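Treat the numbers as computed from the prediction; the structure is a model and nothing was measured. Side-chain atoms are counted along with the backbone in the values below, which use heavy atoms only and exclude waters and symmetry mates.
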Amino acid sequence: MRMLMEIELPLEPFNAAVRDGSVGEKMQRILAANKPEAAYFTARNGKRGGVLVVDVADPSQIPSFAEPWF
């Protein structure tokens, strides 16, 4: 089943990762593991965030989609 996954990224830790250049590799690794059909990144509630469309075959997979973003 397709599912919308909404994420919020804390502003200062994310900005620090942008400054030190590690954010690109981290995001690529997470997106490669989750394999979203679509990913949209934008501001959410005053923070950086996004919406991903993921295909979840079984509800028990939900933690594996969410955990890398913590």
Inset, instruction - Could you state whether V18 and L9 fall into the same hydrophobic cluster, counting links through intermediate Ile, Leu, Val, Met, Phe, Trp or Tyr residues with side-chain heavy atoms under 4.5 angstrom apart? - result: yes

Inset, instruction - Give the cluster check for I30 versus I62: same hydrophobic cluster or not, with ILVMFWY residues linked at side-chain heavy-atom distances below 4.5 Å. - result: yes

Legend entry - Heavy-atom closest pair, residues P36 and A39: CG-CB, 4.5 Å

Inset, instruction - Kindly compute the distance separating CE (M27) from CZ (F14), expressed to the nearest 0.5 Å. - result: 5.0 Å

Legend entry - More than 12 heavy atoms from other groups under 6.0 Å of CD on E25: yes

Legend entry - same_hphob_cluster(V53, L31) at 4.5 Å side-chain heavy-atom cutoff: no

Legend entry - Expected output: side-chain D20 to main-chain S22 donor-acceptor under 3.5 Å: yes

Legend entry - Beyond-backbone contact of F65 with L52, side-chain heavy atoms, under 4.5 angstrom: no

Legend entry - I7 versus R44, closest heavy-atom pair with distance: O-CD, 3.4 Å

Inset, instruction - Identify the two heavy atoms, one from Q61 and one from A57, that lie closest to each other, and give their separation to 0.1 Å. - result: OE1-N, 2.8 Å

Inset, instruction - Check the hydrophobic clustering (I, L, V, M, F, W, Y; side-chain heavy atoms under 4.5 Å; chains of links allowed) and say if L11 and F41 are grouped together. - result: no

Inset, instruction - Would you name the heavy atoms of K26 and A17 that are closest together and state the gap between them? - result: NZ-CB, 4.5 Å

Inset, instruction - For a salt bridge (charged side-chain N to carboxylate O under 4.0 Å, His left out) with E12, tell me which candidate from R19, R48, K47 qualifies. - result: R19

Inset, instruction - Evaluate the side-chain proximity of M5 to V56: yes if any heavy-atom separation is below 4.5 Å, no if none is. - result: no

